[in-house]
2 protein chains.
Amino acid sequence: MQTPEPLGGTRPTSRDVARTAGVSQATVSLVLGDKWRGRVSERTAGSVREAARSLGYRPNLAARNLRLGRTRTALLVVPALTNEFFAHVYTGAAAAAAAHGFGVVLYPSPEGLGPARDPFASAQAALDGVLASSMATDALEAFRGTDLPLVMLDSDPAAPGAAAHVNLDVAEGMRRVTGHLLGLGHRRFLHLASAAPSWTFDVRAATLAHALSGAEVRTVRSPLNIADAWEAAGLALAAPGPRPTAVICDDDILAVGVCKAARRLGLRVPEDLSVTGFDDMALATAVEPELTTVRLPAEEFGRRGMEALLAVLAGEPPRPVSLPVELVPRGSSGPAPAS
Amino acid sequence: MQTPEPLGGTRPTSRDVARTAGVSQATVSLVLGDKWRGRVSERTAGSVREAARSLGYRPNLAARNLRLGRTRTALLVVPALTNEFFAHVYTGAAAAAAAHGFGVVLYPSPEGLGPARDPFASAQAALDGVLASSMATDALEAFRGTDLPLVMLDSDPAAPGAAAHVNLDVAEGMRRVTGHLLGLGHRRFLHLASAAPSWTFDVRAATLAHALSGAEVRTVRSPLNIADAWEAAGLALAAPGPRPTAVICDDDILAVGVCKAARRLGLRVPEDLSVTGFDDMALATAVEPELTTVRLPAEEFGRRGMEALLAVLAGEPPRPVSLPVELVPRGSSGPAPAS
DNA sequence: CCCCGGAAGTTATACGTAAAACCTCGGACC
DNA sequence: GGTCCGAGGTTTTACGTATAACTTCCGGGG
């Protein structure tokens, strides 16, 4: 069992395969491209495959992409993978892409991007289409004046520019949360909202305002990290006047910050204060008490988004998708305190 | 301000730019490739750039890659981005790559990979090099018989096959943990180890065994998720015989599981049981009490790894790197109980 | 007997770029 | 006055693939 691998760094080409198989390069291309039925004999096809295998032949993707004018590569634009939600979105998108022979490349984060560099060149990939989260607002600016097919995640379905929209039904999620808390007797609320501007957060705020129109609601904004949420919640909960009995958060991360702030203030969760999250990431069951939250099908979200993009690329006009979400009641929410 | 953008989906080529600028395609290539000093006049160069801008010209990456035989793209192989540690590694690697004009593509997860599909084709990218974590063991198998430059993350520096090694000094981290706990008077330990086979975990186990050679140590393995860790720790802590007073975990996630199991058993952390984590991810400060853990410079880890790979690609023989880690004492560890 | 059609290939070409090799002209130098 | 040289380009070629267009051979039908 010797290794007939090419030495010296030069990879074998289809022409090399043709030479060893004793056929022309075109035949190699036909056989390996699975377009040979009725054009090449079974025998010849076999010997071509054998030659390719023994040489360790791998088609040159750059050449194929140039020839075909397509790259079978999609760009995924999300804010940051260190947010578990987007890591799941990536996973789903990558899986759906792979199932169709596509690759996924991530838009480089703004920090990683040098000054005034071309976002497309930075991706270093020729692209067939773009799948973008509305939360990556700054990155999206870079895509003005591009005619690449674009599918938007969690953005206004009425907004122009996108070939398709795939959304999570966050409005229903927020209705479930408010219904849950109202049912527990809560009437004074704090809404800890994300400071990041995005359509999905606007929807949550609007839904919440509508569902709680009879109750008392205060809104505070915070960046999506525990420390900032802790500080914002601490200030809001220690403010003069009647204290809210429930805090509705736009994200599990914020809810964790609220719980920490509550404990610091001597408030028990859920006896003195109910707290709800959003997303149902690993964090939600890591803390004590576990978070009442809204489960978002993050991975399916990415999968459906990519499938919509692939449909667009295939020429099928896709219809908008809105994925159902689910309320997961856990220990962080309980009956409103008696007083 | 009209839009002279190409209509109908056909992007302008360097030849189109040449035509509008009134020069040859070669001149366009020289100017835009910044190789024109002394070969093209300032005037001509200016008009070429102007033409390119007005046409919205973007070089065809596939053609460039084919011509140059390089793609300025590296493959990153990690187990799962939903593990926050690897999301940080990706971020650092992508930033370092972007700073050198490189792109990063992720190895598709095994699930996303169809049956018996070529891992390289699945990435849908022609690659210049590979940066791989030793924790992605199954994926690494796919790279046998490849001569792509390979830099390993957290793998045995003595192992062959890699052009360079970049490691975290986890041995020192584990020594700090054991020193910390021994100093607090602990003598009976439980080591909750990762069930995933990897060199980095072997090092932790070996270091721990050596540092605690005079003490009593039991080892239990668990997959890296809260639920499994909870179960494994629950069993171990409820086992007959003297109970360990400290649990040393290979990962913050495991430590969180241990804390939950301890609470279930009526054990207070840290009064009855000290628990330490590893990694210092967001989880560590989300829980109560906050975790004593070892801070790993995850993002720098990715950055240095990518820089090592870029050095290899540039022909510079790099020396092995071992990044320092840091013990972060927090609330989950305290003096051993008196009894 | 001739022609036609299908099987089994081969030859030729284009994709867009980078760069080596070549051309042309106007002055400087001997 | 011829030659050389450098500035400022242009012409040409190659990268590896996919496929359209062409060739060749052979058996069968009229």
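Order of the sequence lines sets the chain letters (A, B, ...), proteins ahead of strands, with each chain counted from 1.
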Query raised in the report: With a 4.0 Å cut-off on heavy atoms, is A:Leu66 in touch with a base, just the backbone sugar-phosphate, or nothing at all?
Result: base
Rounded to whole Å, how long is the line connecting atom [atom1] of [X] with atom [atom2] of [N]?
{"X": "A:Glu42", "N": "C:dG9", "atom1": "CD", "atom2": "C1'", "result": "15 Å"}
{"X": "B:Asp34", "N": "C:dA19", "atom1": "CG", "atom2": "P", "result": "12 Å"}
{"X": "B:Trp36", "N": "D:dT10", "atom1": "CH2", "atom2": "C1'", "result": "18 Å"}
{"X": "A:Gln25", "N": "D:dC15", "atom1": "CD", "atom2": "P", "result": "12 Å"}
{"X": "B:Arg11", "N": "C:dC15", "atom1": "CZ", "atom2": "P", "result": "15 Å"}

Between [X] and [N], does any side-chain N or O lie under 4.0 Å from OP1 or OP2?
{"X": "A:Thr13", "N": "D:dC15", "result": "no"}
{"X": "B:Lys35", "N": "C:dA18", "result": "no"}
{"X": "B:Thr44", "N": "D:dG8", "result": "no"}
{"X": "A:Ser29", "N": "D:dT17", "result": "no"}
{"X": "B:Thr27", "N": "D:dT10", "result": "yes"}

Which nucleotide in the set [options] lies at the smallest distance from any side-chain heavy atom of [X]?
{"X": "B:Arg67", "options": "D:dT19, C:dA18, D:dG8", "value": "C:dA18"}
{"X": "B:Tyr57", "options": "C:dT17, C:dG16, D:dT17", "value": "C:dT17"}
{"X": "B:Arg15", "options": "D:dT17, C:dT17, C:dT11", "value": "C:dT17"}
{"X": "A:Ser24", "options": "C:dT11, D:dG9, C:dG16", "value": "C:dT11"}

**Report entry** Side-chain donor/acceptor of A:Arg39 to base of C:dG9, under 3.5 Å
**Finding:** yes
